[in-house]
Structures are given as structure tokens and as C-alpha cells.
Amino acid sequence: MSDKVLSQFTPEIEEEVIDSSKKLKVGIIGTGWIAEAHIQSYKNMPDVEIVAAADLIPGKAEAFMKRFGVEGVRFYPSHKEMIDSEQLDAVSVCTYNTAHAVPTIYALEHGVNVLLEKPFTVTTEEAVEVMRAEKKSGKVLSIGFQPRGDENMQMIKKVVQSGVLGKIYYIQTGGGRRRGIPNSTFIEKSTGGIGALGDIGCYSLDVVLNAIGYPKPLTVSGYKSAFFGTNPKYATPDKYHTAEENAKRFSVDDFAAAFVRLEGDIILDFRIAWAMHVDTPGDTIIFGTEGALRIPSTDCWNGTFTTPMTLYHDVAGERVQTTIPLIPHKGPSLFDIKIRSFLDAVKNGTPAPVPTSQILYNQAIIDGICKSAEAGREIEINSPEI
């Protein structure tokens, strides 16, 4: 591909000037592992004051703030008490999956903007209830997909939207780790709700769905299993449980696959794994009538990829392959970009950087895979307009 053609995909980077004269008062709900990334990014923002934290476990939030050197924070045993007692501009909801909806709805109902960690929720029904609260509140609700800020991930969308692939008709995507089963609240249905599907599957889906404009999902034939997580030979020990104990606790999916029909006559072939006996279930491939794009597989799609994409197309009647060079990341971390984009939306009254109107379809596919797997047949996907 000529330099002229490649230049249409070259990103433009602008340095942002942040007005720190008025600080946004932020609270954190849930102070587990993912909250660590949130607080580190908030500390990098000159226009943020972390004023409150809530966690169900006594002393956990206090220890969390001490570990990160944040002083002057008030602590609460629940999101409700924190929101009722504070004048907050925004909260990060960093709870386990099954607890995403309740604090998010409560915050929105009380006029507080929300950055909700992925996955959106566990079920489509929960997502709809959250979106109704969002619509009624008029506040910003953004979902935590930091890969959206990566230049190479953005390149996928630029290539697709440029039209060089023609009409998109088939997508193969997924990913996973040969061994990568987490522990803690991730592996129990009462807290995680969904396993690999929600943890890393939502990222993989967002990469391709965002690139093609998030068409509505119509039907899904899904499969899920838990052969590794329930086997002590493969289960992951932690500081509280042995591998045998975690194998007994394990009650979510560690592998899932699906065949999804999307609006616009597009087929999505998807699979994701926390554990398997290969290093990858395959690269992501987007098929179009004028070309195809191969995106190197990653273990969880939560950041970037490390080898170049390949564009397959015809030039002057000849079949050619064009390597799309990797873009070296410069500037803030992807998590800083995620937090910054949310804060800017709050301050400027602009739309959420990762809107629920898109991620509802992401959640509907995940929920549809679960329901189809349990039913043992293809089902229609319900994703109502809010």
C-alpha cells in the first residue's frame, strides 16, 4: 500500500489543557483489584479530589486509601450511605459483576455521574434498568472499556470505516489464555455472575462491534463450559483458598463460543477462554467484499496488540497483502485516557465516551450466549430500545 493510502489512517494527537480551577469530587464504590487502576488514574488528574469510598468489608476501603497515599477521604459501609452523605460529582463503580446495577442506579437517581467498570451488568434486564435510570437522570454514564483509547485499536475502526474492506459480511473473533483463571469474586456465580464471557469476552466483542458501528444482534447459538475451573489440576489458588477449594467454588464459565447473526446480514463467530490447551483460539478476522483484515490475537483484548495487522486486498487485479504498522503509544496510559474522557464528558456536558446504547448490544450478546447455552438451541436476542 502506498504512503498516500496509509496516511489516511495516521492518527492526529493533540495535547489537552486541563482546567483545574474547579475540582470534581469523586467517590469510589468497591475497593478491590480494579479500583486500584481507577485511583491511580484519578491521582493523575489535577481537577479531581477523591473525597469518599465505600466497601462492604470493614476496614478495606481505609486500607486501600492508605496504600495509595490518599488522605482526607471519608469512608462508608455502603454506596447508599456514601451517596446520601456526600455532594459528589461522580463515582467509579468497581464492585463485583452482580453488584454493578444497584449502586449505579442509586447514583444516577441522586444526580451523580457514573463510570461503571465492565462488564455493563450480568443480564440484559439489569442493563435496561440501569439505562432507564440514566435516561431519567440526564447524567453521564460511561462503561469502562479502556482499549477504546488505544491507537492500534482505533486503527481497526479507521480501516473498516474507510470502506477499503467493502461490505462486511463475516467476523471471526475471540481470544483467551492457555492458563489464566482468576480467583476471588470472579469465579462464583453469586458475585461474578458470568466468567470469561464477562471478564474478557466483552472486550473482544467491543473491538469488532465498535469497528463496524455496533449493529443490533438478532440471534445467537451459544455454548459455554467450565472444564478447567472446576478441575483442581488447573484451578488457580489464592492467598485465601487452595486450588482444590477454588475448584469447588467455581460456578461460572471458563470457555464460551457462539454463532451470532447481526443486523446488516453480518455473521459473528466468537470464542473466549480463561483456560485451554492452545495458546490462542485464532486471530480476529474481518471479511469484506473488497478486502479482509487480520488482527493478531491477544490473551484478553484489554489493552493493545503487539504485532501488526494485515490487510488483504486486490490491486490492479493482483492479490496483495499490506502490513499496517503498529502505532507506538505515546502519552497517558489507556486507563488515564479512559478516566480523562469520562471526566471531560462530566465537565462539558458531552455524551459518554463509551455509551450504554452501544454496550447494551454487547451485554445482550453475552446474556444471549448464556441463555442459548442453557437452552441448548439458537435463540432470539432481546435488546430493547430505551
Side-chain angles (χ1 to χ4, degrees), residues 1-16 37 40-41 44 118 144-166 168 170-178 180 199-214 268-273 278-288 290-315 318-341 353-354:
M1 185 183 287
S2 69
D3 290 342
K4 181 179 179 181
V5 176
L6 276 174
S7 67
Q8 69 181 299
F9 305 129
T10 302
E12 296 181 5
I13 301 174
E14 296 182 6
E15 187 174 345
E16 183 180 6
Q40 287 173 330
S41 288
N44 292 335
K118 62 80 195 170
F145 283 85
Q146 70 274 2
R148 294 265 190 121
D150 176 67
E151 297 91 335
N152 293 293
M153 293 293 190
Q154 292 168 359
M155 179 67 78
I156 299 170
K157 186 171 185 177
K158 288 180 180 180
V159 171
V160 172
Q161 297 297 323
S162 75
V164 70
L165 301 182
I168 306 303
Y170 174 86
I171 298 171
Q172 170 186 296
T173 194
R177 305 181 279 250
R178 184 164 183 176
D199 181 34
I200 55 179
C202 65
Y203 282 135
S204 176
L205 289 170
D206 188 63
V207 168
V208 293
L209 293 172
N210 185 46
I212 64 175
Y214 255 101
L268 175 63
D269 185 354
F270 166 78
R271 51 265 178 286
I272 200 76
V278 295
D279 55 353
T280 174
D283 292 342
T284 288
I285 305 173
I286 302 177
F287 286 4
E290 300 298 324
L293 183 67
R294 180 185 294 276
I295 306 153
S297 178
T298 78
D299 60 357
C300 57
W301 293 106
N302 66 346
T304 188
F305 44 93
T306 57
T307 53
M309 293 187 291
T310 304
L311 174 64
Y312 300 81
H313 56 138
D314 294 350
V315 174
E318 297 295 326
R319 288 171 289 181
V320 299
Q321 296 174 210
T322 301
T323 298
I324 300 178
L326 284 172
I327 305 168
H329 182 71
K330 298 177 181 179
S333 71
L334 296 185
F335 237 93
D336 280 5
I337 292 171
K338 174 169 81 171
I339 296 290
R340 184 70 256 162
S341 63
V354 183

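Along the sequence shown, residues carry numbers from 1. Heavy-atom basis, side chains included; hydrogens, waters and symmetry copies ignored.
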Can you check side chain to side chain contact (heavy atoms under 4.5 Å, CB included) on L268 and L205, steps first, answer last? CA-CA 9 Å; L268 175 63; L205 289 170; 3.7 Å; yes
Could you walk me through whether W301 and I295 satisfy the side chain to side chain contact (heavy atoms under 4.5 Å, CB included) test, starting with their C-alpha distance in whole Å, then the side-chain angles of each, then the deciding distance to 0.1 Å, before giving a yes or no? CA-CA 11 Å; W301 293 106; I295 306 153; 3.6 Å; yes
Could you walk me through whether E151 and H329 satisfy the side chain to side chain donor-acceptor pair (under 3.5 Å) test, starting with their C-alpha distance in whole Å, then the side-chain angles of each, then the deciding distance to 0.1 Å, before giving a yes or no? CA-CA 7 Å; E151 297 91 335; H329 182 71; 2.8 Å; yes
Could you check I156 against I286 for side chain to side chain contact (heavy atoms under 4.5 Å, CB included), going step by step and ending with a plain yes or no? CA-CA 10 Å; I156 299 170; I286 302 177; 4.1 Å; yes
Check the pair L293 / I324 against side chain to side chain contact (heavy atoms under 4.5 Å, CB included), numbers first and verdict last. CA-CA 10 Å; L293 183 67; I324 300 178; 4.0 Å; yes
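Taken from CG in D269 to CD in Q172, the straight-line distance is 6.0 Å, to the nearest 0.5 Å. Interatomic distance, M155 CE to I327 CD1, rounded to the nearest 0.5 Å: 3.5 Å. Between the OG atom of S41 and the CZ atom of R340 there is a distance of 11.0 Å, given to the nearest 0.5 Å. Distance CG/L209 to OG1/T173: 8.5 Å, rounded to 0.5 Å. The CG atom of L334 sits 5.0 Å away from the CG atom of D150 when rounded to the nearest 0.5 Å. Distance check: F270 CZ to T284 OG1 gives 10.0 Å after rounding to the nearest 0.5 Å.
When every heavy atom of L326 is checked against every heavy atom of P328, the shortest pair comes out as O-CD, 3.5 Å. Of all heavy-atom pairs spanning P147 and G303, the tightest one is CB-O, 3.8 Å. Between T323 and P308 the shortest heavy-atom distance is CG2-CB, 3.5 Å. When every heavy atom of C300 is checked against every heavy atom of R177, the shortest pair comes out as CB-NH1, 3.7 Å. Residues S297 and G175 approach most closely at OG-CA, 4.3 Å, considering heavy atoms. Heavy-atom minimum distance, N152 versus M309: O-CE, 4.3 Å.
E290 has its side chain out of reach of V164: every pair of non-hydrogen atoms, C-beta onward, lies at least 4.5 Å apart. Residues R319 and D314 meet the side-chain proximity criterion, which asks for heavy atoms closer than 4.5 Å.
Listed by chain and residue number, D283, Y312 satisfy the side-chain hydrogen bond (donor to acceptor under 3.5 Å, both in side chains) test with R294 (two or more places apart in sequence, or in another chain). K118 pairs by the side-chain hydrogen bond (donor to acceptor under 3.5 Å, both in side chains) definition with D199, not counting sequence neighbours. D299 is linked by a side-chain hydrogen bond (donor to acceptor under 3.5 Å, both in side chains) to nothing, counting only residues two or more places apart in sequence or in another chain.
Side chain of Q321 to backbone of L311: no donor-acceptor contact under 3.5 angstrom is found. Checked by atom type and distance alone, the side chain of Q146 pairs as donor or acceptor with a backbone atom of N302 at under 3.5 Å.
The aromatic rings of F287 and Y170 sit tilted relative to each other, their planes meeting at an angle between 30° and 60°.
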